[in-house]
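Just below is one structure, and these are the notes that go with it.
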Amino acid sequence: MKVFKTSQSLVEYLSIETRPLGMVPTMGALHLGHLSLIERAVEENQSVLTSIFVDPTQFNDKNDLVNYPTSIDEDLLQIEKISKKILVYIPEVDDIYGNIVESKSFDLAGLDQVMEGEKRSGHFQGVATVVTHFLKTFTPDRAYFGEKDFQQLLIIDHINRSLKLKTKIIGCPIVREKDGLAMSSRNRMLTPDQRNQASKLFEALQMVKSNAKKVPYRSLKTSVNAFFEKQDEITLDYFMITGPNTLKEIHLEQPVDQGRGFIAAYLGKIRLIDNLDMS
Ligand code: PAF
């Protein structure tokens, strides 16, 4: 395993590395979801690069940034277990941003105006800034992102196409704990009691899916609100069903034919998200 601290040293190294190159950008605190992306990249490419970088510009809440979990030593051990040939990029902030730590401004075609974008102002401009920086600098042939951040995946795919970058963006299925909780680095910040309750997000999505074709979307929303009102430890932030890839909310009076359900909820100060294909 080779660890690079600067993009310059990595770019030099990549000029002799065999292609295709698969990249898995992460913010570290790796879990089985990340590892499944890295494993897939190893299967499909000659060379694999993963980055560990907690991007400051995508955090609208400074406390969230300060408290974001890190576990570099453990992450490196996990990566090495998959393959000793993986390249790992662990930059400091200035290697990416220089002295001006701010996001660029991208036309995200309104995909950033709903759900996570609406709740976390500027978040997706930050994501687009750091991800396009990676794609332009390292020119991976494929880049892998989890469907847990489905809105992020659609936004990255959109920006990659609109900037005509050469990378193929690949979305990979959500990896879940036994009780259905979507794997996330934030899960390790939950207290044992909160952890016990956290699978309610998936439970709610499954309940919605089992009724989606039978009743209008409006009733599904009412049931989800009622479901979370009964939970002491969880506060629903939003629940929404959109077209499969549009992020546009479907019609309230119709049953769900096709679409994706999205949910965000707080357990104490920890905010979790999840989503499920409704078809
Ligand atoms: O999903 C993440 O972990 C981050 O948003 C990403 C894609 C690594 C960009 O910082």
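Please read these numbers as outputs of a predicted model, since none were measured by experiment. Both ligands and their constituent atoms are indexed starting at 1 by order of listing. The analysis underlying the following values was restricted to heavy atoms, covering all of them including side chains, and did not include hydrogens, waters or symmetry mates.
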Min N/O separation D55 to ligand 1 under 3.5 Å: no
cation_pi(R260, F150) dist<6.0 Å, angle<=45: yes
Heavy-atom closest contact (S71 atom, R188 atom, distance): OG-NH1, 3.2 Å
Protein contact to atom 4 (C) of ligand 1 [nearest heavy atom, distance to 0.1 Å]: Q58 NE2, 3.6 Å
Distance filter under 4.0 Å to P25 heavy atoms, resulting ligand 1 atoms: 8 (C)
For atom 5 (O) of ligand 1, the protein heavy atom that lies nearest, with its residue and separation: Q152 OE1, 2.7 Å
Heavy-atom nearest neighbour in the protein, as seen from atom 3 (O) of ligand 1, with distance rounded to 0.1 Å: M27 CG, 3.5 Å
Numbering as shown, the atoms of ligand 1 that approach V130 to under 4.0 Å (heavy-atom distance): 9 (C), 10 (O)
Any donor-acceptor pair under 3.5 Å from Y217 side chain to I241 backbone: yes
Any N/O pair T26/ligand 1 closer than 3.5 Å: no
Parallel, tilted or perpendicular: rings of F59 and Y68 (30°, 60°): perpendicular
Nearest-0.5 Å distance, CE of residue M207 to CG of residue L220: 8.0 Å
Whether over 12 other heavy atoms sit under 6.0 Å from E74 CD: no
